[in-house]
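To start, the structure itself, in structure tokens.
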Amino acid sequence: MDFAPSSMNQVLPPGVLILPDAAAVAREAANRFVALAREAIATDGNFTVALSGGQTPTSLYRLLATEAYRSQVNWAKVEVFWTDERAVPPESPESNFNNAWSEFLSRVPIPKAQVHRMHAEDSQIGRAAQAYEELLGRLLRRNAAGFPRFHLILLGIGTDGHTASLFPEPPPSLITSRWVGTPFVAKLSARRMTLTLPILNTADNVMFLVVGAEKAGIVTRVLFGKSEPPLPAQLVQPASGNRIFLLDAAAANLQSTPAESR
Ligand code: 6PG
């Protein structure tokens with residue numbers, strides 16, 4: 001397979017910020033989180049945010065729990081949700097809720113009733129997804145088409161191009177559930193609960209956090225590749241919201257990409 005020459009001076013698409021290292025990505029994300037929270041609370045009376053899973057956001061969560069950042073947010077006006085969750089109990093080390101709760105939410109004065117975890121461990125996961133949709137419908141502003149609109153959605157990217165729990169298989173566009181899907185992910189042999197593309201693309205702000213050399217290949221494909229079908233992370237294009245990629249230098253070390261996928 002011949003490779004097109006990669007060059008560090010490839011023109012980056014808009015909305016891509018490269019920071020020196022993972023700590024700088026966490027600081028940038030925390031500063032943006034605080035600024036967006038302040039703006040949303042001033043404008044709309046609350047701040048609705050969906051937290052992403054995986055390990056990358058942990059350093060952001062730890063930072064938000066420090067006095068320097070915690071003191072800048074009016075937590076009584078914050079409603080926290082998740083982008084996706086594994087089918088595990090909330091006390092599991094695999095749980096996205098558990099990570100955010102232990103590193104962050106248990107250390108800030110947010111009313112627990114405003115922390116809305118996905119009950120993906122429920123044996124009736126379809127019913128739990130429907131309950132989550134009702135929660136979104138009740139607590140979030142809507143766009144003109146009636147879709148719930150987050151002020152901020154945090155996302156990561158897996159090395160296969162997945163984001164939230166939207167994997168290449170089953171194709172995200174086939175997850176016809178309105179707002180919350182429960183795909184069986186063959187490669188994991190596990191069911192997940194996830195916000196669907198229409199919700200991700202309704203957000204006012206989507207912030208991807210991607211760090212580490214192991215992500216350089218997928219970052220290159222997401223930013224420059226022409227996969228067919230498109231990678232799930234490439235399908236996140238908020239219709240009227242802002243999308244930003246916060247990358248560290250290692251993840252932004254653009255790789256040679258197969259010519260046919262450019
Ligand atoms: C999940 C996440 C998932 C994650 C990516 C990146 O539940 O696994 O929501 O979409 O963001 O897999 O994970 P890392 O940050 O651990 O690389």
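Each ligand, and each atom within it, is numbered from 1 in the order the structure gives. We count residues from 1, following the sequence as given.
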Show me the side-chain donor-acceptor pairs of residues 48-57 shorter than 3.5 Å, one per line, residues at least two apart or across chains.
unit_1, atom_1, unit_2, atom_2, d
Thr48, OG1, His151, N, 3.1
Thr48, OG1, His151, ND1, 3.2

Indicate every side-chain donor-acceptor pair of residues 143-150 with a distance under 3.5 Å to a residue at least two apart or in another chain.
unit_1, atom_1, unit_2, atom_2, d
Asn143, OD1, Ala145, N, 2.9
Asn143, OD1, Gly146, N, 2.9
Asn143, OD1, Phe147, N, 2.8
Arg149, NE, Asp204, OD1, 2.7
Arg149, NH2, Asp204, OD1, 3.3

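The pair Asp248-Lys215 fails the salt-bridge criterion, with no side-chain N (NZ, NE, NH1 or NH2) lying under 4.0 Å from an Asp/Glu carboxylate O.
A side-chain donor from one of Asp84 and Ser165 sits under 3.5 Å from a side-chain acceptor of the other.
Sorted by first and then second residue, the pairs that involve residues 123-138 and meet side-chain hydrogen bond (donor to acceptor under 3.5 Å, both in side chains), not counting sequence neighbours, are Glu133-Ser177.
Within 4.0 Å of ligand 1, protein heavy atoms belong to Gly53, Gly54, Gln55, Thr56, Asp84, Arg86, Asn96, Gly156, Ile157, Gly158, His162, Thr163, Ala164, Arg192, Lys215, listed by chain and number.
A donor-acceptor pair under 3.5 Å is absent between the side-chain atoms of Ser227 and the main chain of Pro229, judged by distance alone.
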